[in-house]
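Worksheet: one structure, shown below.
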Amino acid sequence: MEKRYDPHAIEQHWYETWEKQGHFAPSGEGEPYCIMIPPPNVTGTLHMGHAFQDTLMDTLTRYHRMKGHNTLWQPGTDHAGIATQMVVERQLNAEGKTRHDLGRDKFIDKVWEWKEHSGGTITRQLRRMGSSLDWKRERFTMDEGLSDSVHEVFVRLYDEGLIYRGKRLVNWDPVLHTAVSDLEVVSEEENGHMWYIHYPIADDKGVATEAYLTVATTRPETLLGDSAVAIHPEHPTLAKLIGKRVVLPLCERTIPIVGDEHADPEKGTGCVKITPAHDFNDNEVGKRHDLPLINVFTIDAKINEEMPEKYRGMDRYDARKAIVADLDALGLLDKVEPHKLMVPRGDRSHTVIEPFLTDQWYVKTAPLAEPAIDAVKSGKIKFVPQNWEKTYFEWMNNIEDWCISRQIWWGHRIPAWYDEAGNIYVAADEATVREKYKLADDLKLRQDEDVLDTWFSSALWPFSTLGWPQKTPELETFYPTSVLITGFDIIFFWVARMVMMGLKFMDDVPFKEIYIHGLVRDSHGQKMSKSKGNVLDPIDLIDGIDLETLVAKRATGLMQPQMRAKIEKQTRKDFPDGIPSYGTDALRFTFAALASTGRDINFDLGRTEGYRNFCNKIWNAARYVLMNTEEKDCGQEGGEIELSTADRWIISRLQETETAVERGLDQYRLDRAANAIYEFTWNEYCDWYLELSKPVLYNDDSSEAALRGTRRTLVRVLETLLRLTHPIMPFLTEEIWQRVAPLAGKTLVEGESSLMLEPFPTADESKIDTHASSEMEWVKAFVLGIRSIRGEMDIAPGKPLAILVQDASSEDQRRLNDHQTTLHSLARLESVELLAEGAEAPESATALVGSMKILIPMAGLIDKEAELQRLEKEIGKVEGEIKRLGGKLNNPKFVERAPEAVVAKEREKLEEMQTRQQQLIEQKEKIAAL
RNA sequence: AGGCGCGUAACUCAGUUGGUUAGAGUGUCACCUUGACAUGGUGGAAGUCGGUGGUUCGAAUCCACUCGCGCCUACCA
């Protein structure tokens, strides 16, 4: 074995082997366990959020596979309609073309080309993460099979009246020229203005009078589409105007003043302009008062041809300026105030979204939501952590109909046809339409131009990927899936919709549990984003990246090039030497260790470095074990075995660790599982057990049985530890296991056997050995006591010490004898001498093990002052503790009311401390007197 | 406005149903290249657990209030 752990040397090789051997496929035996990957964008790349999520899913998948379950982690990608179309359009734009130059069919060919070209990136990256996805079953939302599912669902929902087409106000993206759902609109506070405008009150003939109403608006250009002014019916001063009309400035028409409770007397000027075609609230008011919907804009959000001539063709913001100027000129502009407002922007285009009147397709969600709410209420679906169900309920109870049509080309085209009279026919394809509706062959039909929202197909993912609407064995076996692992940001987009669709079409929930994980942020808690320049690429952490490449990566292609200098500076400061290669296992362990529930994770590279070191620790522990066991008798062939206290102790601790890891994984507390592994491996197996094995292995007097016992324990504990760790760190563990397993008595088949397929360790209660544990506690206390004096007194660690022991009980004496070799080795002793009772001890530094004193003679070694200082410090600590305990025990209420065991424990502690104090003081006096 | 979450060592985080001398990693200080590992070993320093009040024999942990930060939803003429 190499002296250092090198992830590059092993990772790729093992992944290829596993995949080639078909180890990722379900075994076909055991209880089914299934996770659906949240499908990433097919043309996307892996980011830290994916890497985190994939670590969680892969760890659980590997864990259940090792537990003997019939395990499927279903891979696949989605077509990300708008995002992907935008990318391809940008490429065309760069060539000076638009998609319209190509036409729909040619453009879609281009998108497929792009998908073929870049579609492998993310799946390659998933492989780099070690993800044990069953690639043979990989699916894509635009696959034929999945498209069949989409059509089937659309048609059935339409036939049941749960999908309808309607002219309604939608969120319109004037750049992308498509409707988007309300979830795709991101509102953020921006600085704007509030304009106060006078609307002259009309007389009976519709002519402006001197009187006027003042309305306030943040969007004066929509004035062109006003169809009323609303006043609260109980408004103290203005209510009397209800029923009259006002003259709409700049337009040659009058509009009514209506009474509506939407108008809040406290807000603004107390009356509000109503633009039913360009505001969701106004639209509702319009319906109540039967007001006309007057559309002001074109699909580009320019003023349309129906509007006063002067403004036609103007962009919405130019029109705003012109209208405000004209109002001002007419003396109708009261005032302008700066105003903060929430501006809705498209999450893709970032342009301001316009409420706009168009024909769209909708899913009627209320009937679907109800069973979906019940599924969570009844516990058929559990959220982890549970409080996310509040978020879920909140949305489900206020759910709006879902606008599913998108005016783009890339996606599932809506399976609806129109004849020339505008009748709608819905079926999977044109032939079926004619058959279903018994239409004449020569009737001209035209398919709807729109495509479906990508999330429509994603909502079917848990069953469409398993073959639905066919009744496949996979569907039978793996639906409902075991758990969905995802971020809270798509509870509405995806999770809720999968639940609705699953219940509707499979008559069962799509998953039994939903594990919601946090967001991966940078080490200061900032969201990672290209524009902030703080993005980390998981692949760079695995492979490493030099500073210049990293700077170039972060500082190019920015939306705001002025950020470049700042980002570059920050990057050079944060990573003066670039990023070293940590390997996949270390990255995965970091994610696992940081994955406590319900909390965002601030990704700290320092942690990754620490866990990379941990990998090296395991590597070297294995190296030590192999050096001492390979080609030696480890008891595989039988033979007498003698287990030392240390052997029994480490085996005992291993059982406890197994329990902790299993519990952690079962409860989605990967941090606890990871910490239990870390703790055991480093602080017990490496720090103590390996050291304890040395005096046995390096001692010529050790019996064959003792040697076998130690070797066998070294190997078996390591082998088990590798199985325990494999779900989190698959590569390192596999590499080592292949060499260690035969020594632990396993028979491996070259090229076929894999740690992946080995049983996950389960604790054996009968191996928990409290006696061995207490023996070891004593040994540790002894060794630590001596090390502490060495450290503080500056005694060379290599210098053998001749020590004296005082006040040793018979138990202590027995232990001194039993563990003689161990103590000599670990504490580097030259000799141990029992001080006879009453005998005068030489001036010494003292360590206490229980009530036994270890004396290290100071002659020539220890400075008097230093020892006095050390004792003083120690006494201070003990006295503080005595004071605390004394206070507690002197409180009669404590003694009365606290459980007896607690009181007894405190008493015991106090006594111990008092003895300790006394001994330390004696010692101090003795030394002071010298 | 409503909801959720967070605030523990310089930094990143644990702390399972209230009972430990409040822990880990990184960093830091001292010593050490001893035959698994300097990606290491040994020893040390470092926290009034955001604040106030309460419940309790006992609070980082439970309750109330409060300050600070973050996120989500809704609304803003």
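Values in this document were obtained by computation on a predicted structure and should not be read as measured data. Proteins come first, then strands; the chains are lettered A, B, ... in the order of their sequence lines, and each starts at number 1.
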TODO: Check whether any side-chain nitrogen or oxygen of A/Ser596 sits under 4.0 Å from OP1 or OP2 of B/rC13, and answer yes or no.
DONE: no

- [ ] Choose from B/rG25, B/rC71, B/rU21 the nucleotide whose nearest atom is closest to any side-chain atom of A/Phe488.
- [x] B/rC71

- [ ] Would you indicate, yes or no, if B/rC13 has its OP1 or OP2 atom less than 4.0 angstrom from a side-chain nitrogen or oxygen of A/Tyr611?
- [x] no

Task: Short side-chain N/O contact to B/rG58 OP1/OP2 from A/Lys905, under 4.0 Å - done: no

TODO: Please determine, for the side chain of A/Asn613, which listed nucleotide (B/rG35, B/rU26, B/rG41) has the closest atom?
DONE: B/rU26

TODO: Please determine if a side-chain N or O atom of A/Lys909 lies less than 4.0 Å away from the OP1 or OP2 oxygen of B/rU21.
DONE: yes

Open item on the list: Between A/Tyr668 and A/Tyr515 (judged by ring centroids, cut-off 6.0 Å), do the two rings come close enough to count as a pair?
Closed with: yes

Task: Which residues share a side chain to side chain contact (heavy atoms under 4.5 Å, CB included) with A/Lys873, sequence neighbours left out - done: A/Glu792

Open item on the list: Under a 3.5 Å distance rule, please check whether A/Asp282 uses its side chain to pair with a backbone N or O of A/Pro276 as donor and acceptor.
Closed with: no

- [ ] Counting heavy atoms from C-beta on, name the nucleotide in B/rA77, B/rU12, B/rA36 closest to the side chain of A/Arg607.
- [x] B/rU12

TODO: Give a yes/no answer on whether the side chain of A/Arg612 brings an N or O atom under 4.0 Å of OP1 or OP2 in B/rU39.
DONE: no

Open item on the list: So if I take residues 665-674 of chain A and measure heavy-atom distances to RNA chain B, which residues fall below 4.0 Å?
Closed with: A/Arg669, A/Arg672

